[in-house]
Number of protein chains: 2
Amino acid sequence: MKVENKHTKIIAAATKVFAKKGFFTARISDIAKEAKVADGTIYLYFNNKYDILLSVFEEEVGKIVESTEKLLRLEDDPRRQLEIFCSQHLHSMKKNRYLAEVLQIELRQPYKLIKEYRDTTFSKYTGIIAEIIRNGQRLGLFRTELHPDLAKRCIFGALDELSRVWNASLETNYTVEEITNQVLAIFLIGIEVTRSSEEG
Amino acid sequence: MKVENKHTKIIAAATKVFAKKGFFTARISDIAKEAKVADGTIYLYFNNKYDILLSVFEEEVGKIVESTEKLLRLEDDPRRQLEIFCSQHLHSMKKNRYLAEVLQIELRQPYKLIKEYRDTTFSKYTGIIAEIIRNGQRLGLFRTELHPDLAKRCIFGALDELSRVWNASLETNYTVEEITNQVLAIFLIGIEVTRSSEEG
DNA sequence: AATCCCTGAATGGCCATTCATTCATGTACT
DNA sequence: AGTACATGAATGAATGGCCATTCAGGGATT
């Protein structure tokens, strides 16, 4: 049946354990137990503990980036694109809550390898937002006094913080759709060229 | 001369070291060296490593919360209040970049004591934003279809992410004022009752 | 019997924490 | 003033526990 290979199994287990305990207090033996393999087996598939974390990033985030980019290519209107990005991001984080937690916690750590990953691969992902905004500005849809690099951070920061709603089960449950709508309700109006700003 | 007591000195040193290396890879001896005291001295003032981190939170963040609340009490208009909150937050984080980094990294860790702190003391701070929004809605200034708890997260998330601009020196230098203006340009328009939404 | 994959106990290094000792200052007595 | 003793803050070397990593061996499949 489950021929699901060990590499994949370990990645999944590690994601869960890192989410629950954090990278540094997670023990290799925890991951091994969760993946139902021996401690030593992990070292047949990964070089060390860090390598596991980086693999979680590379592989799991990779999937998300790919599918998001694919969807975006099917759409021209930057307003629609922004909607798709937000909706996709929130859906992904909801579906894979352990990954969401790991990203939120570990991607910020000030360690060389993590920074490197963040500044290369991951920044491409958030860069998509800046691109959408630039595009919208070119088309006269978004206000040109906004810096795409700053707006990108506002939007990504908002999405990131909102994903925590589920994981920490803080506010009484909102659905992904509700949250998406709220984000867009704020940002689309916030960045669009408005009647009043045209008049002014 | 500098009668600056040891407790304070250690807190400052720890903030710096935690920011640079992260809580888990920071060694007590690093903090001791930075504070120019012996390793053992630290244990005369703190129970353990965790206790140092929590004290950093409590004391340093405490100051920020207090001064922000004070300023807000002087103002009635929720739009102005939101402006003050954003501006204050960004200024604080710019002024104390080590604290900013520690907050961004460590406040998310999934450990009991940190969660506790976050869910009690710290959430009061972000709660201020929700309060401002509720107030604005009551006064008919902000759109009532927005959930204050979600809008709060959008705004705090945006501020938090933006504070990283300086620490990571990512984008070419924006000033605090520029960033504040951009945030407000997006959010104020994003949440305000607009001519078009009134007409619609 | 050779190859492969896996196992988990043993190793070794790291570092938070402890505590015996030192040192500086204060007080009391002559 | 000088000597003797007391106090407790500060020190930093030593301890002990933890856990990532290794590796000698076991079992399956060819």
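Chain naming here is simple, since letters A, B, ... match the order of the sequence lines and numbering starts at 1 in each.
Salt-bridge check for B/D30 with B/K16: failed, with every basic side-chain N at 4.0 Å or more from each acidic carboxylate O. In summary, B/K63 and B/E59 do not engage in a salt bridge, as defined by a charged side-chain N under 4.0 Å from a carboxylate O. A salt bridge is defined here as a Lys NZ or Arg NE, NH1 or NH2 lying under 4.0 Å from an Asp or Glu carboxylate O, and B/D149 with B/K152 meets this definition. Ion pairing between a basic and an acidic side chain is recognised when a charged N comes within 4.0 Å of a carboxylate O; A/D160 and A/R153 show no such pairing.
Between the NZ atom of A/K6 and the C1' atom of C/dC4 there is a distance of 12 Å, rounded to whole Å. When the C1' atom of C/dC5 is taken as reference, atom NZ of A/K9 falls 13 Å away, rounded to whole Å. The interatomic distance linking A/D30 (CG) with D/dC18 (C1') rounds to 13 Å, in whole Å. Between the NZ atom of A/K36 and the C1' atom of C/dG8 there is a distance of 18 Å, rounded to whole Å.
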Exercise. A/Y117 and A/Y111: ring-ring contact (aromatic ring centres under 6.0 Å, His included), yes or no, with the steps?
Worked result: CA-CA 10 Å; A/Y117 170 76; A/Y111 313 115; over 10 Å; no
For this session: Please assess A/L82 against A/I191 for the test side chain to side chain contact (heavy atoms under 4.5 Å, CB included), listing each intermediate value before the final yes or no.
Result: CA-CA 11 Å; A/L82 194 62; A/I191 67 178; 3.8 Å; yes
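Between the side chains of A/Q104 and A/E101, no donor-acceptor pair is found at a separation under 3.5 Å.
Contacts of residues 13-22 of chain B with DNA chain D (heavy atom under 4.0 Å): none.
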Exercise. What string of B, S and - do you get for nucleotides 19-27 of chain D 5' to 3' if you count protein non-hydrogen atoms under 4.0 Å?
Worked result: SSBB-----
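With sequence neighbours left out, the salt bridge (charged side-chain N to carboxylate O under 4.0 Å, His left out) criterion links A/D51 to no other residue.
OP1 or OP2 of C/dC5 has not a single side-chain nitrogen or oxygen of A/Y45 nearer than 4.0 Å.
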